Amino acid sequence: MTIDTVIRAVYKQVLGNPHVMESERLVVAESKLTNGEISVREFVRIVAKSDFYRDRYFSSCAPYRFVELNFLHLLGRAPQDQREVSEHIVRCVAEGYDAEIDSYIDSDEYQAAFGENTVPSYRGKDSAANTKQIGYNRMFALDRGAAQVDSAIQASQLVFAVATNSANTIKASTATVIGSGTEKRFKILVSGSKFDTKRRISTSEYIVSASKMTPQIQRINRTSGKIVSITEVI
């Protein structure tokens with residue numbers, strides 16, 4: 001696996017499958033990883049402590065959602081019980097954001113599963129990561145497929161199930177629900193559009209779901225923007 005592949009894999013896993021623009025990449029940390037100055041584990045830590053992650057999952061999401069996504073992104077599984085969730089919420093409040101992120105990456109579980117130079121991945125569908133059968137259902141509630149973008153859902157998906165120690169009902173995905181795992185996303189590259197005085201730039205790009213493609217194109221046309229290209233986000 002090349003270093004570029006590793007970097008892309010870390011961004012996809014830790015940031016919840018977003019589209020990362022060039023201006024949002026952590027170029028200093030990428031350079032250190034490329035030069036062997038830091039391990040993959042430390043690169044994961046830097047990405048999880050970045051403004052990109054903090055803005056999307058700490059500042060914008062409910063506390064329970066933040067914790068359940070930390071489990072998903074950093075340990076590759078869903079939380080097992082209320083004790084785990086409560087422990088992390090208390091730590092975040094008492095010790096702060098950085099301590100909460102460190103608690104996953106510095107854990108024995110992380111070391112055993114990924115070590116220093118393996119990119120974290122979803123393990124919750126494997127028996128080794130689940131001490132309880134309900135872990136499977138909970139993992140499916142969080143991981144809805146390759147097209148999912150985790151920041152699209154800000155409310156907790158597990159708060160009731162974890163609090164009551166019950167299993168989630170696994171619901172089939174539908175093509176009309178963003179984050180369901182089946183709806184395609186597209187990148188629209190636009191030149192010349194000006195939506196307001198703050199965005200007077202020559203080129204813009206927008207990531208939209210298939211169901212919202214037409215309204216977005218209509219909006220672009222109303223601003224006299226020229227659509228340069230439309231490509232599917234893989």
Side-chain angles (χ1 to χ4, degrees), residues 1-61 65-66 68-76 97-98 100-101 104-105 110 114 117-122 142-154 178-191 193 195 198-199 201-210 212-213 216 220 225 227-234:
M1 184 180 292
T2 67
I3 195 66
D4 287 339
T5 302
V6 169
I7 290 170
R8 288 196 300 271
V10 170
Y11 282 142
K12 181 177 181 178
Q13 169 69 24
V14 177
L15 297 179
N17 197 31
H19 174 70
V20 182
M21 299 178 65
E22 287 298 317
S23 60
E24 295 174 316
R25 295 181 63 164
L26 304 172
V27 292
V28 174
E30 287 184 21
S31 178
K32 289 183 177 181
L33 180 63
T34 301
N35 295 333
E37 298 176 44
I38 59 174
S39 64
V40 171
R41 184 180 187 178
E42 290 309 309
F43 184 61
V44 166
R45 191 191 308 272
I46 292 170
V47 173
K49 290 184 179 181
S50 67
D51 289 341
F52 192 115
Y53 192 92
R54 185 173 187 134
D55 291 345
R56 283 163 178 76
Y57 300 117
F58 178 68
S59 301
S60 301
C61 291
R65 178 64 171 168
F66 173 58
E68 69 190 25
L69 287 178
N70 287 344
F71 272 98
L72 181 68
H73 296 159
L74 302 177
L75 294 181
Y97 178 88
D98 285 359
E100 163 64 3
I101 297 300
Y104 300 93
I105 300 172
Y110 184 101
F114 310 119
N117 288 300
T118 298
V119 178
S121 58
Y122 295 162
L142 295 180
D143 176 17
R144 299 302 290 167
Q148 168 181 284
V149 179
D150 291 338
S151 58
I153 302 174
Q154 297 179 335
I178 296 175
S180 65
T182 59
E183 187 174 42
K184 292 183 178 180
R185 296 180 300 137
F186 296 85
K187 179 171 70 174
I188 306 175
L189 187 63
V190 180
S191 65
S193 61
F195 291 103
K198 295 181 179 180
R199 295 188 60 179
I201 56 179
S202 58
T203 303
S204 301
E205 64 179 39
Y206 305 90
I207 306 297
V208 298
S209 57
K212 295 188 177 181
M213 177 77 73
Q216 182 65 60
I220 291 169
I227 297 177
V228 177
S229 63
I230 300 177
T231 55
E232 183 179 351
V233 177
I234 306 298

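Numbering of residues begins at 1 and proceeds along the displayed sequence. All values derive from a computational prediction rather than experimental measurement.
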For the CZ atom of Arg45 and the CG atom of Asp98, what is their distance to the nearest 0.5 Å?
9.5 Å
With under 30° as parallel and over 60° as perpendicular, where do the rings of Tyr104 and Phe71 fit, or are they tilted in between?
perpendicular
With rounding to the nearest 0.5 angstrom, report the OH to CG distance, Tyr53 to Leu74.
5.0 Å
Mind checking the CZ-OG spacing from Arg65 to Ser60? Nearest 0.5 Å is all I need.
12.0 Å
If you count heavy atoms of other groups shown closer than 6.0 angstrom to NZ of Lys49, is the number above 12?
yes
Less than 4.5 Å apart, side chain to side chain, heavy atoms only: is that true for Tyr110 and Leu75?
yes
On a heavy-atom basis, the closest approach of Ile7 and Arg25 is CG2-NH2, 4.1 Å
Determine the minimum heavy-atom distance between Leu26 and Ser50, stating which atoms define it.
CD1-CB, 4.0 Å
Check step by step if side chain to side chain contact (heavy atoms under 4.5 Å, CB included) holds for Val6 and Val119.
CA-CA 7 Å; Val6 169; Val119 178; 3.9 Å; yes
From Ile46 CD1 over to Ile38 CD1, what is the distance, rounded to the nearest 0.5 angstrom?
4.0 Å
Grab the two heavy atoms, one from Val44 and one from Pro120, that are nearest each other, plus how far apart they are.
CG2-CD, 3.7 Å
The reported gap from NE2 in His73 to CG in Asn17 (rounded to nearest 0.5 angstrom) is 9.0 Å
Can you check whether Phe43's main-chain N or O pairs, donor with acceptor, with Glu30's side chain at less than 3.5 Å?
no
Ile105 backbone acceptor or donor facing Arg41 side chain under 3.5 Å
yes
Distance (rounded to the nearest 0.5 Å) between Leu189 CG and Ser204 OG
8.5 Å
Main-chain N/O of Val28 paired with Ser31 side-chain donor or acceptor, under 3.5 Å
no
What I want to check is whether the side chains of Glu24 and Tyr11 have a donor and an acceptor closer together than 3.5 Å.
no
Heavy-atom closest contact (His19 atom, Phe52 atom, distance)
O-CZ, 4.4 Å
